[in-house]
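Quick notes on the structure that follows.
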Amino acid sequence: MTNEAIPVPEPKTGEARVKIEAIGLNFIDIYHRIGLYPLQTPFTLGMEGAGVVDAVGDGATEVKKGDRVAYAMIPGSYAEYAIVPAAKLAPVPANIDAKSAAALMLQGMTAHYLTHSTYALKQGDTALVHAAAGGVGLLLIQIAKTLGATVIGTVSTEAKAQLAKQAGADEVILYTQSDFLAEVKKITDGQGVHVVYDSVGATTFDKSLDCLRPRGYLVLFGQSSGPVQPLDPGKLAAKGSLFLTRPSLAHYTLTRAELLQRSSDLFNWTATGKLRLRIDKTFSMAEAAEAHRQLEGRKTTGKVVLFP
Ligand SMILES: NC(=O)c1ccc[n+]([C@@H]2O[C@H](COP(=O)([O-])OP(=O)(O)OC[C@H]3O[C@@H](n4cnc5c(N)ncnc54)[C@H](OP(=O)(O)O)[C@@H]3O)[C@@H](O)[C@H]2O)c1
């Protein structure tokens, strides 16, 4: 990772240029950096930002110069200026600062679609959330609780367990010290859970399947411990007619209406205190490598924000 000066980019048709004020750090930045999700090199890292529109291309009707905006899943946010399709920019209300906006878009909209769309939680459901004190994890717990679910979280340390509990988790398992499958069976009287939200992947996947009750949903949405091995679909039948899905935020913000619905829900919940955002650490762009080391090394909780 190097910092380089390049010309300020110009927006083309349908695009806007955003003067970036805050950048959200996400695990996908690590996948891009290490080549797990290959991008054409050279590229500018970063999939999330917030700032002010300072130029618009022809036909970019969704925003105008001076608008406060935020976005996710468009590459190139580790920069002072980014070019973004105007339709992918969400307006940021006056009561949300740029740091919070940059912190909410990617992990927040992920927690939103996982709980509302991929497996829509309802009263009486029990959900298992891995990496419960992470950026997505803390938001996911809070949203799941508002939908009436019982939430079991897994974390690696006692300090992270406290944070998951403060976010509303009913039970927290230290999966580095005890067998989370045995604990889940104990907590659910042997029934298993309705859904597992698994972003850890390699080290949790097999047991996550075994934590499900018949017809349960395994929502594999990341691989912070490494990719999952191929699976024989017959296993899903043998373990109880299970459902397996591997969703991506990009496919849950396909339309502008969907993007605006999810982002405005998050901004409203945050402004009214229904959702508490935890910004754990902030770094300058010059310290981006250290920020990556900490996220990769399980040293962060909640969100990490960079400033250009
Ligand atoms: N599919 C989507 O749409 C989508 C969108 C956003 C994020 N994601 C995924 O969601 C996950 C969480 O993203 P995030 O940005 O919020 O990160 P994060 O949860 O804040 O950080 C990752 C966490 O994973 C846990 N982990 C377990 N084993 C690990 C290992 N070997 N190496 C590193 N971490 C490990 C750690 O928590 P413990 O120390 O408690 O184990 C760590 O803090 C990532 O897998 C990401 O790819 C997916």
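Not measured: the values here are computed from a predicted model. Just follow the structure's listing: the first ligand is 1, and inside any ligand the first atom is 1.
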Any N or O of [X] closer than 3.5 Å to N or O of ligand 1:
X      : result
Lys160 : yes
Phe27  : yes
Val136 : yes
Ile28  : no
Ser199 : yes

To check your reading of the model: name the closest protein heavy atom to [atom], its residue, and the distance in Å.
atom                    : value
atom 19 (O) of ligand 1 : Gly134 CA, 3.4 Å
atom 42 (C) of ligand 1 : Arg298 CG, 4.1 Å
atom 40 (O) of ligand 1 : Ser156 N, 3.1 Å
atom 23 (C) of ligand 1 : Ala131 CB, 3.9 Å
atom 5 (C) of ligand 1  : Thr110 OG1, 3.1 Å
atom 14 (P) of ligand 1 : Gln107 NE2, 3.5 Å
atom 2 (C) of ligand 1  : Tyr113 OH, 3.3 Å
atom 24 (O) of ligand 1 : Ser224 OG, 3.1 Å

Atoms in ligand 1 flagged as close to [X], the criterion being non-hydrogen separation under 4.0 Å:
X      : result
Gly135 : 16 (O), 18 (P), 19 (O), 20 (O)
Ser225 : 28 (N), 30 (C), 31 (N)
Gln223 : 45 (O)
Leu295 : 20 (O), 21 (O)
Ser248 : 1 (N), 3 (O)
Leu249 : 2 (C), 3 (O)
Glu296 : 32 (N), 33 (C)
Val155 : 40 (O)

Query raised in the report: Are Val129 and Val193 linked, directly or through other ILVMFWY residues, by side chains that come within less than 4.5 angstrom of each other?
Result: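 Hydrophobic grouping puts Val129 apart from Val193.
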Query raised in the report: Should Leu306 and Leu104 be counted in the same cluster of Ile, Leu, Val, Met, Phe, Trp and Tyr side chains packed under 4.5 Å apart?
Result: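 Same hydrophobic cluster.
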Report task. Using a 4.0 Å heavy-atom cut-off, say whether Thr157 meets ligand 1 through its side chain, its backbone, both or neither. Result ->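 For Thr157, there is no contact with ligand 1 at all, from either part.
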Query raised in the report: At under 4.0 Å between heavy atoms, which part of Leu106 makes contact with ligand 1: side chain, backbone, both or neither?
Result: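 For Leu106, only side-chain atoms sit under 4.0 Å from ligand 1.
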Requested in this report: Would you mind telling me which of Asp170, Thr150, Thr115 makes a side-chain hydrogen bond (donor to acceptor under 3.5 Å, both in side chains) with Lys145?
Outcome: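 Exactly one option meets the side-chain hydrogen bond (donor to acceptor under 3.5 Å, both in side chains) with Lys145, and it is Asp170.
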Report task. With atom 9 (C) of ligand 1 as the reference point, say which of Tyr175, Phe221, Tyr31 has the nearest heavy atom. Result ->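 Checking each option, the heavy atom nearest atom 9 (C) of ligand 1 is found in Phe221.
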Assess [X] for proximity to ligand 1: is some non-hydrogen atom of it under 4.0 Å away?
X      : result
Ala133 : no
Val200 : yes
Arg246 : yes

Query - Partner set under ring pair (Phe, Tyr, Trp, His ring centres under 6.0 Å) for Tyr37, not counting sequence neighbours - result: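 Once residues adjacent in sequence are excluded, the partners of Tyr37 under the ring pair (Phe, Tyr, Trp, His ring centres under 6.0 Å) criterion are Tyr31.
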Query raised in the report: If only atom types and distance count, is the side chain of Tyr252 paired as donor or acceptor with the main-chain N or O of Ser117 below 3.5 Å?
Result: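 Here the side-chain-to-backbone pair does not exist.
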Requested in this report: Could you tell me whether a side-chain N or O of Ser263 sits under 3.5 Å from a main-chain N or O of Pro91, the two making a donor and an acceptor?
Outcome: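 No: the side chain of Ser263 does not pair with the backbone of Pro91.
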